[in-house]
Amino acid sequence: MQPLPIPCPAGQVPDATAVDAFNAAYRQAKRQHAVFVAVENQGRRWTVKADALTAGQDHTVGDDAYDAIRAAVIRLIQAREIRSDSSAGPVYFVLYDVETEHRARELAAALHAALYGDLEPLTRAVPEAS
């Protein structure tokens, strides 16, 4: 498995649908001391997962990033893009019931970037209502 780019572009987010694929992607993130990110196929829908623990103790996520991620998750729930039992951290993030693989990868990449302090992809992927 190739090292995960930081932040990870949508097209390179690992597909962790099978248990072996999930374990391999998680182990790679731990070896690399990177935030784990992946998408999983759940029948006709997709799930986005991210875990900041794999990045190690030196990795910190600022309050601005947490606030932006939580607000984006709330907007996604309100728009019925993800299920209401999705998790917005603070360490483990899960977005359930994303309609397409393309959208799941977009959200995964945006979440990964936000967990490294770059909020722009998240702002583009989940804009505030005007």
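Numbers here simply count residues along the sequence, with the first being 1.
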Exercise. Take L111 and V37 through the test side chain to side chain contact (heavy atoms under 4.5 Å, CB included) and record every step on the way to the result.
Key: CA-CA 8 Å; L111 177 58; V37 66; 5.7 Å; no
[X] side, atom [atom1]; [Y] side, atom [atom2] - distance, nearest 0.5 Å:
X	Y	atom1	atom2	result
R70	S87	CZ	OG	10.5 Å
E120	R124	CD	CZ	5.0 Å
T47	R83	OG1	CZ	7.0 Å
D85	D97	CG	CG	8.5 Å
I82	I74	CD1	CD1	10.0 Å
F22	R27	CZ	CZ	10.5 Å

Self-check item: Backbone of A34 reached by a side-chain donor or acceptor of T54 within 3.5 Å
Solution: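 Answer holds: yes.
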Quiz item: R105 side chain to V39 main-chain N or O, any donor-acceptor pair under 3.5 Å?
Solution: no
Shortest non-hydrogen contact between [X] and [Y], atoms and distance:
X	Y	value
A125	A110	CB-CB, 4.0 Å
A113	P7	CA-CB, 3.7 Å
V98	A104	CG1-N, 3.5 Å
A25	P14	CB-CB, 4.0 Å
A38	A16	CB-CB, 3.7 Å

If Ile, Leu, Val, Met, Phe, Trp and Tyr residues are connected whenever their side-chain heavy atoms lie under 4.5 Å apart, and connections chain through other members, are [X] and [Y] in the same group?
X	Y	value
V126	I77	yes
Y66	V94	no
V48	V61	yes
Y96	V13	no

Taking the side chain as every heavy atom from C-beta outward, state whether [X] and [Y] have any atom pair closer than 4.5 Å.
X	Y	result
W46	R103	no
D51	V35	no
H59	H33	no
I69	L122	yes

Quiz item: In terms of ring plane angle, is the pair Y116 and H112 parallel, tilted or perpendicular, where the classes change at 30° and 60°?
Solution: perpendicular
Quiz prompt | Pair Y92 and F36, ring centroids less than 6.0 Å apart | solution = no
Practice problem: Starting from the C-alpha separation in whole Å, work towards a yes-or-no answer on side chain to side chain contact (heavy atoms under 4.5 Å, CB included) for V73 and F93. | Solution: CA-CA 10 Å; V73 169; F93 304 82; 6.0 Å; no
Exercise. Assess whether atom CD of E99 is packed by more than 12 heavy atoms of other residues, nucleotides or ligands within 6.0 Å.
Key: no
Quiz item: For Q78 and R75, does a side-chain donor sit closer than 3.5 Å to a side-chain acceptor?
Solution: no
